[in-house]
*Asks:* 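One structure coming up, written as structure tokens, with questions to follow.
Keep in mind that what you see is a predicted model, and the values were worked out from it rather than measured. In listed order, ligands and their atoms are each counted from 1. This chain uses plain numbering: 1 for the first residue, then up along the sequence. Because only heavy atoms are used, hydrogens play no part in the values below, and waters and symmetry mates are left out as well, while side chains stay in.
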Amino acid sequence: MKSSTSRQSISASYRLARAAYAECGVDTDAAIKRALAVPISLHCWQADDVRGLETPRDGVAGGGILSTGGYPGRARNGDEMRRDLDLVLKLLPGKQRLNLHAFYAETGAKSVDRDAITPAHFAHWVSWAKSHRIGLDFNPTYFAHEMANSGFTLSSADKKVREFWINHGRASRRIAQHFSKELGSPCVINHWIPDGTKDQPADRWGPRSRLVDSLDAVMEDPKVSPAHCIDAVEGKLFGIGSEDYVVGSHEFYYSYAQSRKVMPCLDLGHYHPTESVADKVSALMQFHERILLHTSRPIRWDSDHVVILDDAVKALFAEIARGGAFSRVFVALDFFDASINRIAAYVVGARATRQAILLGMLDPSKLLKAADAGGRGHERLALMEQAKAMPWGAVWDMLCLRAGTPPAAAWLADVANYEEKVLAKRS
Ligand code: RNT
Ligand code: ZN
């Protein structure tokens with residue numbers, strides 16, 4: 001181990017950092033504890049470039065999401081995915097969950113269509129989650145299927161298509177409830193559909209009105225309880241192939257979520273690049289009890305790059321901390337990059353997300369708010385700038401040590417070793 005990452009040197013740096021933060025009224029020990037306790041739901045789909053485990057289909061539309069790059073080592077089946085995720089979990093401090101998509105069903109030799117999947121098809125995932133003592137979240141997969149090729153699923157004008165996807169949504173909610181019961185932890189299920197058109201449609205009304213009815217049909221299931229299955233709906237501004245018109249736009253889903261008492265899901269990549277997602281939190285949470293967040297990184301468009309500790313992510317969690325809203329927020333990752341080592345992609349993105357959470361917990365909110373309330377805007381601005389220079393890296397390293405995970409970038413050695421022993425052997 002390098003001397004900078006030895007326990008002794010981290011402890012020494014941490015002592016200084018703790019004292020510096022105490023001067024701003026921030027308790028770093030409490031911040032570490034709280035930051036470790038926030039669950040982050042790891043998306044399973046970085047491991048295999050969002051391909052899913054179904055028998056490969058030819059000529060199906062991908063729903064406008066696309067993982068680019070040809071770095072070796074893509075997981076090719078459920079066992080390889082779980083093995084990769086074993087390592088990822090080892091390298092991440094704090095509480096995690098796993099977020100599955102429906103097309104990661106394992107149906108053996110039999111092919112089972114999306115409207116017919118059952119909890120049994122996720123038995124391997126459930127026992128894996130049990131072995132790690134983590135919860136599972138879920139997503140119906142309303143894309144990458146012949147029935148989505150028209151560009152419409154739940155909002156399709158074709159009743160047969162709608163019914164197929166309604167049945168898929170219903171089957172997915174039963175699976176979510178099963179996860180919750182098996183694992184003793186409510187399952188967040190996020191509904192995202194690719195529906196929309198490349199160019200101006202003559203009818204923007206019909207698909208939206210059908211989407212309301214279809215979502216209602218998916219959600220109205222007396223067998224599924226909201227105590228087990230926590231629904232979210234995710235809007236976006238545009239997608240590839242839905243540049244002009246997205247049926248499930250933000251306005252649509254915020255209103256749907258509010259009227260049906262489900263959660264809106266805010267994905268950091270789903271807005272105009274100059275919009276602040278952080279700013280939306282305090283507006284939406286006046287009316288929504290809970291929200292789901294997808295951390296992602298858009299480069300020029302909704303490109304789903306690996307999350308880094310950028311301003312958007314920091315501002316988002318600072319807002320949640322300042323609003324005391326961590327107990328009302330679910331955090332999930334949503335990115336996919338096939339051009340770099342996929343284990344490292346997970347570790348970088350998940351660690352950056354937790355670093356932003358930690359920074360939120362370390363925010364000198366009391367001082368900032370006092371300066372604001374006292375009309376001393378200059379002081380608030382100066383303190384906000386000063387907060388950027390605080391020794392938070394030492395607090396992060398201590399967080400890693402307390403969680404029993406490698407500090408700083410020391411985890412890269414494990415990734416290199418795994419690449420050589422396991423990933424390099426995959427074709
Ligand atoms: C797509 C949405 C959605 C997906 C995943 C795979 O734009 O962000 O969350 O990325 O469901
Ligand atoms: Zn998303």
*Asks:* I'd like to know whether the aromatic ring centres of His168 and Tyr142 sit less than 6.0 Å apart in this structure.
*Replies:*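 Yes - the distance between ring centres of His168 and Tyr142 falls below the 6.0 Å cut-off.
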*Asks:* Is the gap between the ring centers of Tyr346 and His43 under 6.0 Å?
*Replies:* yes
*Asks:* Are the aromatic rings of His132 and Trp128 close, with centres under 6.0 Å apart?
*Replies:*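 When the ring centroids of His132 and Trp128 are compared, they turn out to be within the sub-6.0 Å range.
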*Asks:* Scan side-chain atoms only and decide if His191 and Glu234 contain a donor-acceptor pair under the 3.5 Å cut-off.
*Replies:* no
*Asks:* For Lys369, does the NZ atom sit with more than 12 other heavy atoms under 6.0 Å from it, leaving out its own atoms?
*Replies:*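 It does: Lys369 NZ has more than 12 such atoms within range.
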*Asks:* Ignoring waters, how many protein N/O/S atoms are under 2.8 Å from the Zn ion (ligand 2)?
*Replies:*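 Considering protein N, O and S only, the Zn ion (ligand 2) has 4 within range.
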*Asks:* Which of these passes ring pair (Phe, Tyr, Trp, His ring centres under 6.0 Å) with His101: Trp192, Phe143, Phe122, Phe336?
*Replies:*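 Running ring pair (Phe, Tyr, Trp, His ring centres under 6.0 Å) over Trp192, Phe143, Phe122, Phe336 with His101 returns exactly one hit, Phe143.
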*Asks:* Aromatic ring centroids of Phe164 and His145 under 6.0 Å?
*Replies:* yes
*Asks:* Quick test of your reading of the model: are Lys236 and Asp302 salt-bridged, counting only N-O distances below 4.0 Å?
*Replies:* yes
*Asks:* Hey, which residues fall under 4.0 Å of ligand 1 on heavy atoms?
*Replies:*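 These residues qualify: Trp45, Ile65, His101, Trp192, Glu234, Lys236, Asp267, His270, His294, Asp302, Asp334, Phe336.
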*Asks:* Kindly assign one of parallel, tilted or perpendicular to the pair Phe317 and Phe326, based on the angle between their ring planes and the thresholds 30° and 60°.
*Replies:*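 Geometry flag for Phe326 against Phe317: parallel rings.
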